[in-house]
> 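What follows is a structure written as structure tokens; I'll ask about it next.
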Amino acid sequence: MPILPDHQMHDWDLTPRQAVALQRELAARVERSDRIADVRHIAGVDIGFEQHGEVTRAAVVVLEWPSLAVVEELVVQTPTRMPYIPGLLSFREIPAALQAFAQLQSDVDLIMVDGHGVAHPRRLGVAAHLGLWLDRPSLGVAKKRLTGQHGEVENQRGAYTPLRDGDEVLGVVMRSRQSVKPVFVSPGHRLSVDTATQWALACLGRYKLPEPTRLADRLASRR
DNA sequence: GCGACAG
DNA sequence: ATCTTGTCGC
């Protein structure tokens with residue numbers, strides 16, 4: 001999968017202060033409206049850590065749409081180069097993800113990441129960051145809230161309520177499965193909140209996480 | 001100052 | 001995130 005060349009985004013040796021400054025610039029480049037064509041392949045991405053955080057592991061599963069059949073799987077491990085700082089998680093996770101996408105054979109039309117999209121204090125969660133880098137539509141599906149407020153979500157599979165920060169709607173809180181804590185869906189790059197929500201719904205199987213992310217999660221945790 | 005804080 | 005088994009409930 002071709003990666004958008006951009007020297008500005010290659011600098012990972014940043015102090016937290018510098019990362020925040022770069023983060024603001026990148027967030028301004030994230031497209032918040034739909035720019036998405038025919039979807040043939042969806043990538044599910046999960047990034048985690050091993051060896052007490054010394055190693056970063058990225059798992060990517062490519063699914064065919066609409067069958068959701070798996071067409072490619074890949075796991076890469078690379079030394080971690082940044083500590084965990086809330087709000088700067090993408091800078092810690094992305095190097096491994098990029099390495100995985102660089103090795104991927106399939107081209108993907110939509111990227112679903114385990115984590116937030118624009119539902120982030122400075123609107124640059126890992127899903128937005130990765131989508132921007134790869135110049136692909138992306139969305140984030142997170143298991144915990146990072147920012148924003150929301151009301152109760154009806155206890156019925158597929159129900160959702162907006163996640164907002166003041167007047168701004170960042171995404172939705174979705175009951176992906178009955179009687180299970182809801183997930184946080186937000187668009188990353190080139191997607192509106194509504195379209196991101198529809199894709200999350202369309203990829204729901206019988207589990208809490210939508211298929212792309214669930215399979216990436218599973219691939220990552222079975223060594 | 002105090003609490004919150006994706007993975 | 002990670003360290004970790006069985007168990008209760010929908």
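Numbered from 1 within each chain, the chains take letters A, B, ... in sequence-line order. Keep in mind the model is a prediction, meaning the values are calculated, not measured.
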> Just call it for A:Arg92: base, sugar-phosphate, or nothing, with non-hydrogen atoms closer than 4.0 Å on any strand.
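The residue A:Arg92 makes base contact.
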> Distance check needed: C:dT2 C1' versus A:Arg57 CZ, whole Å only.
10 Å
> Counting only N and O atoms by type, is there a donor-acceptor contact under 3.5 Å from the side chain of A:Gln18 to the main-chain atoms of A:Thr15?
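Here the side-chain-to-backbone pair exists.
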> CZ of A:Phe184 versus C1' of B:dA6: gap in Å, rounded?
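One finds 10 Å between C1' of B:dA6 and CZ of A:Phe184, rounded.
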> Taking A:Arg190 first and then A:Asp135, would you say they form a salt bridge - that is, a charged N and a carboxylate O separated by under 4.0 Å?
yes
> In terms of side-chain heavy atoms of A:His116, which of B:dG7, B:dA6, C:dT2 is nearest?
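Looking only at heavy atoms from C-beta outward on A:His116, the closest nucleotide is B:dA6.
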> Does A:Val180 reach a base, just sugar-phosphate, or nothing at all? Heavy atoms under 4.0 Å.
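The answer is nothing, as A:Val180 stays clear of every strand by at least 4.0 Å.
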> Between B:dA6 and A:Arg145, is there an OP1 or OP2 to side-chain N/O distance shorter than 4.0 Å?
no
> Tell me the interatomic distance from A:Ile94, atom CD1, to B:dG7, atom C1', rounded to whole angstroms.
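Taking CD1 of A:Ile94 and C1' of B:dG7, I get 13 Å after rounding.
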> Indicate, with a heavy-atom threshold strictly under 4.0 Å, whether A:Gly140 touches base, sugar-phosphate, or nothing.
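Contact class for A:Gly140: none.
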> A:Asp46 CG to C:dT2 P: how many Å, rounded?
8 Å
> Give the rounded distance in Å between these two atoms: CD of A:Gln149 and C1' of B:dA4.
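Rounded to the whole Å, the gap is 12 Å.
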> A:Phe49 CZ to C:dC3 P: how many Å, rounded?
13 Å
> Between A:Lys143 and C:dA1, is there a side-chain N or O to OP1/OP2 distance below 4.0 Å?
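So the side-chain polar atoms of A:Lys143 do come within 4.0 Å of the phosphate oxygens OP1 or OP2 of C:dA1, strictly under.
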> Rounded to the nearest angstrom, tell me the gap between atom CD1 in A:Ile47 and atom P in B:dG7.
11 Å
> Are the charged groups of A:Lys143 and A:Asp114 less than 4.0 angstrom apart, N to O?
yes
> Report which part of the nucleic acid A:Leu89 touches: base, sugar-phosphate, or nothing (heavy-atom distance under 4.0 Å, all strands).
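Base, at least one base atom sits under 4.0 Å.
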> Any cation-pi pair here, A:Arg92 with A:Phe49, using under 6.0 Å and within 45°?
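Yes, a cation-pi geometry holds between A:Arg92 and A:Phe49.
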> Does A:His120 reach a base, just sugar-phosphate, or nothing at all? Heavy atoms under 4.0 Å.
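The residue A:His120 makes base contact.
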> Could you check how far CD of A:Glu50 sits from C1' of C:dA1, rounded to whole Å?
10 Å
> Please assess A:Gln105 against A:Glu72 for the test side chain to side chain donor-acceptor pair (under 3.5 Å), listing each intermediate value before the final yes or no.
CA-CA 8 Å; A:Gln105 297 300 304; A:Glu72 188 176 354; 5.2 Å; no
> Kindly confirm whether the side-chain ring of A:Tyr84 is stacked on the base of B:dG7, judged by centres under 5.5 Å and planes under 30°.
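Aromatic stack with B:dG7 present for A:Tyr84.
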